[in-house]
> 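Let me give you the structure first, and then I'll get to my questions.
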Protein chains: 2
Amino acid sequence: MNEIHRVCVRFHAAIELIGARWTGAILRALFTGHHRYAQIKAAVPGLSDTMLAERLRTLEAEEIVERRVIPTSPVQVEYHLTEKGLDLEKVMDAVKTWSHRWIPLPGDEEPVGASQGPAAAGER
Amino acid sequence: MNEIHRVCVRFHAAIELIGARWTGAILRALFTGHHRYAQIKAAVPGLSDTMLAERLRTLEAEEIVERRVIPTSPVQVEYHLTEKGLDLEKVMDAVKTWSHRWIPLPGDEEPVGASQGPAAAGER
């Protein structure tokens, strides 16, 4: 396996893990301090129980998320980022910055990036 | 729509666009100087013609990639990143750094990140 191929294999695996449907949004919820199942669900509009449970299982299996059982009565379950998960912070920040510049919101003005192109219509 | 929801909608859209199956690898090929269809295909092991054509169409529609027809004889077609696409460089770099640390290659030693945990087996 040559060096380019090696980089490619890793990169490919990483970006598809993070970019899987709902995974990015779930990670973002965890980064912003939502640790309980119901909190995560509430933080990600449109996410179903089935999908959240499945994604949390995958993230646990990938050792990105750790499931903690808090011995209260009744017991509580919390999901926390592991060291591997926390290390995704720069990826998350870079995506957030890019999306803020380039992804328009429904009904919004053009995003910042789009208005930095050649002369806007009003300028001539 | 509150601020958290607004950030979330954008972030979600961005990460799923970039993380769609094969898209990250195709972007990486473009960033590393592969501009012709056959070059991109060769740079992404396992990518089919159908999928490459579909992804390039999506990336064009999203204005991340621009299709250029070079007026040689016969004409050549090249795919180049637009300003919006080039602006993904920090995202790509962050994913590459993380993947290098945390994603093992088949048959490789443990990745760097894994060896920085508590005492490795050989140390006790």
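Order of the sequence lines sets the chain letters (A, B, ...), proteins ahead of strands, with each chain counted from 1. Not measured: the values here are computed from a predicted model.
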> Does atom CZ of A:Arg21 have more than 12 heavy-atom neighbours, drawn from other residues, nucleotides or ligands, at distances under 6.0 Å?
yes
> Which value, rounded to the nearest 0.5 Å, describes the distance between A:Leu88 atom CG and B:Arg101 atom CZ?
11.0 Å
> Would you mind reporting whether A:Lys90 and B:Thr97 have side-chain heavy atoms less than 4.5 Å apart?
no
> I'd like to know whether CD of A:Gln76 has more than 12 heavy-atom contacts from other residues, nucleotides or ligands below 6.0 angstrom.
yes
> Using only atom types and a distance under 3.5 Å, with no angle test, would you say the side chain of B:Glu16 pairs donor to acceptor with the backbone of A:Gly19?
no
> Counting heavy-atom pairs under 4.5 Å to chain B, which of A:Val44, A:Val91, A:Thr32, A:Thr23 comes out on top?
A:Val91
> Take atom CD in B:Glu60; do more than 12 heavy atoms of anything else shown fall under 6.0 Å from it?
yes
> Go through the atoms of A:Ala20 and report whether side chain, backbone, both or neither lie under 4.5 Å from a heavy atom of chain B.
backbone
> Nearest 0.5 Å, what's the CE-CD1 distance between B:Met92 and A:Ile15?
5.0 Å
> Quick one: CG on B:Leu47 to NE2 on A:His12, what's the gap to the nearest 0.5 Å?
8.0 Å
> Check whether any side-chain heavy atom of A:Trp102 sits under 4.5 Å from a side-chain heavy atom of B:Leu17, and report yes or no.
no
> Compare all side-chain heavy atoms of B:Phe11 with those of A:His100 and state whether any distance is below 4.5 angstrom.
no
> Quick check on the hydrophobic clustering: are A:Ile70 and A:Tyr37 connected, directly or via other members, by side-chain heavy-atom contacts under 4.5 Å?
no
> Could you check whether any side-chain N or O of A:Trp98 sits under 3.5 Å from a backbone N or O of B:Lys84, counting only pairs where one atom can act as donor and the other as acceptor?
yes
